[in-house]
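Below, read A as the first sequence line, B as the second, and so on, with proteins coming before strands; counting in each chain starts at 1.
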Amino acid sequence: MKKALLLFVVVAMLAMTSAVFAADEVWHLGILVHSLDNEFWAQEAKGGELFAESKDDVVAQVLATDGDDNKEMQAMRDFIAQYGDHAIFVTDPASKANTANVVEIAEEAGAKVAILWHHADELEPADWDSFVVHMSPDDFVAGYNTAKHLFDLMDGEGKVVALYGQQGEDSAANRYAGFLAALAEYPKVECLDMQVASWSQDQAMTFTQTWLSTYEDIDAIWAANDTMGLGAIEALKLEGKNGEVLVCGCDGIAAAYEAIEEGDMACTVANNGYLLMGYGASYAYQAAKYGYEPKNPVIKTQAVLVTEDNVDEYKAMFIDGTPEYDYDDLSFCVLSEHPSFAELEAEDAAAAVVTGAVVEAAEEEREWNELIDKINAEIEKGIENGEEGAAEAKELMDFLQGLYEDIVSGEAK
Amino acid sequence: MNLFSKKDAKSMTVAEQFVSKVEQEALSNKIRVYAPMILLVFMTIVFSIYDSHFFSLKNLVNVLGQMAVPLILATGLTFVLLLGRIDLSVEGVMGLVGSAISLLVLNSRNANDWGIWGVILPLLLGTLCGFITGFLHVKLKIASFIITYAISTIVSGVAVLLYNSRPATVKAQWIIDASQTYFLKIPLITWIAIIFYLICAVILNYTAFGRAVYAIGDNEAAAAASGINVQKVVIEVFVLSGFAASLAGLVALIRLKLGQVSLGENQMFPCITALVVGGTSLNGGKGGMLQTMVGILIYMELLNFLTIIGVSADYKNAIQGVIIIIAVALTITRGRKVIAK
């Protein structure tokens with residue numbers, strides 16, 4: 001009887017072990033996020049877990065870093081001590097500078113890592129075995145798209161104020177750069193003021209209240225994230241101006257979707273933490289298991305502008321449920337991919353030159369048109385007053401204008 | 001000048017030295033009490049002249065609304081600072097209470113609708129946190145800044161677990177109405193803050209408890225020797241501070257409607273700054289409710305004014321830092337050691 005029992009125990013243990021190690025190798029995914037007290041970070045962590053659930057040979061563990069460099073490094077070392085080169089990581093790093101440490105620790109242990117959002121200057125995935133891929137939504141595009149949506153709703157005319165994120169953060173700076181780029185395209189939109197609200201709802205509300213008592217005719221409030229947008233909306237509600245003054249957000253948290261449904265918020269961008277961390281994990285996994293090396297390891301991921309037109313769809317997908325992705329199709333998450341940060345920066349610089357040129361040309365054309373309007377007005381005045389030569393001047397102007405338009409449309413000979 | 005009499009100290013008798021120190025102390029007390037008030041009046045006048053928006057009714061109402069949370073927190077913290085302690089748990093407790101209320105009243109996350117109990121129970125919970133803090137501080141003799149920090153992280157963690165990383169939006173109409181209610185053009189939440197402040201002012205100035213707080217802050221051993229139950233008073237002060245933080249959590253939630261831990265973020269240090277600017281000493285025993293109000297008004301006016309004139313955030317931080325240093329330098333109890341010798 002005793003023997004039978006012993007045998008049973010041994011068999012049971014074997015069965016359990018073999019269940020865990022059914023595939024001959026198990027990969028341990030360390031999901032490094034700041035904390036779970038922020039909805040977006042929680043979404044990211046869930047994305048990593050969803051990926052792990054989709055694979056039989058991946059076990060995931062969420063490691064919270066509290067945005068602390070040392071905690072993040074310690075968590076990685078502990079994880080590596082436990083699982084050796086079968087540890088893989090996907091991280092929303094504690095800071096920009098810490099990404100270099102993350103890569104070095106992973107490199108030492110031969111573990112693969114995918115890094116999201118931040119990256120230290122001159123840290124190129126191509127230079128490191130362990131640094132598989134860098135993924136991030138395009139903050140510039142997000143800031144640009146939300147701003148553009150606001151300006152279009154304003155019919156390209158009016159006054160806007162801006163709520164900036166945290167000083168010294170890439171995301172905040174890039175989103176605001178996007179806002180400025182959009183602003184440059186709408187010459188009749190004026191930015192009255194920008195304040196740094198540090199992603200805080202409370203501060204955003206306070207600033208908005210002050211603005212509402214200082215400026216009388218604000219048409220829109222551009223906020224660099226949803227929380228600040230919601231703070232602005234609370235301030236507007238106190239004056240009954242919610243829905244009347246347009247507000248945008250960014251990130252795509254549940255409360256922002258609700259605000260869009262209720263008509264208080266014009267738009268947000270679903271940065272999609274599920275996709276970001278899920279696919280980041282998938283890249284690291286493919287690299288560890290199959291030795292996959294992406295040719296273009298600097299990736300900008302898909303992010304969707306959510307407005308009242310598509311809010312139902314995305315709320316159902318991201319808030320009420322969780323999105324289902326085919327994590328083997330790595331290209332699905334890609335908006336644009338680049339061989340290195342150096343190349344990406346070069347592309348951005350080129351784009352900035354083009355944008356700058358377009359803006360300058362638009363400016364010149366406007367000045368030119370203003371001048372012509374002025375001359376025409378003078379001539380009209382002259383005709384009214386019966387001045388000598390006014391009629392001839394008008395004819396000449398008409399001829400010149402016609403000629404100019406012909407040149408512009410390329411029909412001049 | 002008394003302030004420059006140090007050089008002659010050697011040539012004085014002990015009695016003379018003592019008298020000189022007492023005089024010096026009296027002068028620095030006067031500076032501490034009156035300088036902030038003069039500064040407040042001066043600031044108000046200068047700001048009003050500089051920008052006409054500042055003294056507009058609308059802006060003053062805004063400032064009064066923004067003042068509610070800091071005033072409540074600062075009122076509770078006044079007692080703690082007077083004891084020479086500090087309470088770092090107020091941010092966490094605010095977050096916990098705000099989150100709990102948002103989940104118990106009508107909200108976007110679940111089907112709860114506990115009505116007024118959805119507010120009262122979290123307030124009691126936050127007050128209980130204050131009791132636990134005070135109890136552990138006194139019984140385990142852990143320094144207040146350590147134990148309150150620990151409690152803060154615990155309650156923030158619990159709060160996040162409560163709403164599971166997805167904060168609830170308050171849908172209860174009576175809370176939404178409360179945020180838009182005004183008496184005499186002053187927001188309801190500010191009235192709550194002012195009433196709480198006045199009650200605490202009476203407690204501090206006209207009760208045995210209040211006198212005990214001053215006595216302990218001034219000299220704990222002497223207070224104990226004169227028959228004050230120091231442990232009991234300290235615990236009671238932390239209970240009061242816990243209640244203040246809970247009330248601040250409620251008020252912040254009424255203002256912002258989204259129940260999350262960040263309701264309390266970055267609330268405490270501005271309050272402590274305001275207290276110190278008002279003239280309450282970090283070493284205990286010095287300060288009072290009047291100083292608290294003056295400090296909060298100075299702080300809120302300054303922030304508001306810097307925003308109105310469009311000062312960038314870098315300068316704002318720098319200006320705040322300079323103000324703290326000046327304020328602390330003024331409130332340091334010079335000569336205390338000498339007298340205690």
Give the intermediate values and the outcome of salt bridge (Lys or Arg N to Asp or Glu O under 4.0 Å) for residues B/K171 and A/E262.
-> CA-CA 12 Å; B/K171 296 284 174 201; A/E262 283 162 13; 2.9 Å; yes
B/Q260 vs A/T227, side chain to side chain contact (heavy atoms under 4.5 Å, CB included): CA-CA, chis, key distance, verdict | CA-CA 11 Å; B/Q260 54 183 342; A/T227 324; 3.8 Å; yes
How far apart are the C-alpha atoms of B/Q66 and A/T210, what are their side-chain angles, what is the distance that settles it, and do they pass the side chain to side chain contact (heavy atoms under 4.5 Å, CB included) test?
-> CA-CA 10 Å; B/Q66 292 154 9; A/T210 310; 4.1 Å; yes
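In this structure a side-chain-to-backbone donor-acceptor pair under 3.5 Å is present from A/Q201 to B/L256. For B/T307 (side chain) and A/F207 (main-chain N/O), no donor-acceptor pair under 3.5 Å exists by modelled atom type.
Under a cut-off of 6.0 angstrom, the local environment of CD in B/Q173 is crowded, with over 12 non-hydrogen atoms contributed by other residues, nucleotides or ligands.
Residue A/L36 touches chain B through both its backbone and its side chain, counting heavy-atom pairs closer than 4.5 Å. Using a 4.5 Å cut-off between heavy atoms, B/E265 does not touch chain A at all. Both the backbone and the side chain of B/R255 come within less than 4.5 Å of a heavy atom of chain A. Proximity to chain B (any heavy atom under 4.5 Å) is restricted, for A/E239, to the side chain, taken from C-beta onward. Looking at B/F54, there are no atoms closer than 4.5 Å to chain A (heavy atoms on both sides), in backbone or side chain. Neither the backbone nor the side chain of B/S262 comes within contact range of chain A; no heavy atoms are under 4.5 Å apart.
Inspection of the A/D202 and B/Q267 side chains reveals an N or O donor paired with an N or O acceptor under 3.5 Å.
Here the CG atom belonging to A/L212 is positioned 7.5 Å from the CG atom belonging to B/N62, to the nearest 0.5 angstrom.
For the pair A/Q209 and B/K58, the minimum side-chain heavy-atom distance is 4.5 Å or more.
Annotation: maximal heavy-atom pairing with chain B below 4.5 Å, among A/V196, A/L238, A/I233, occurs at A/L238.
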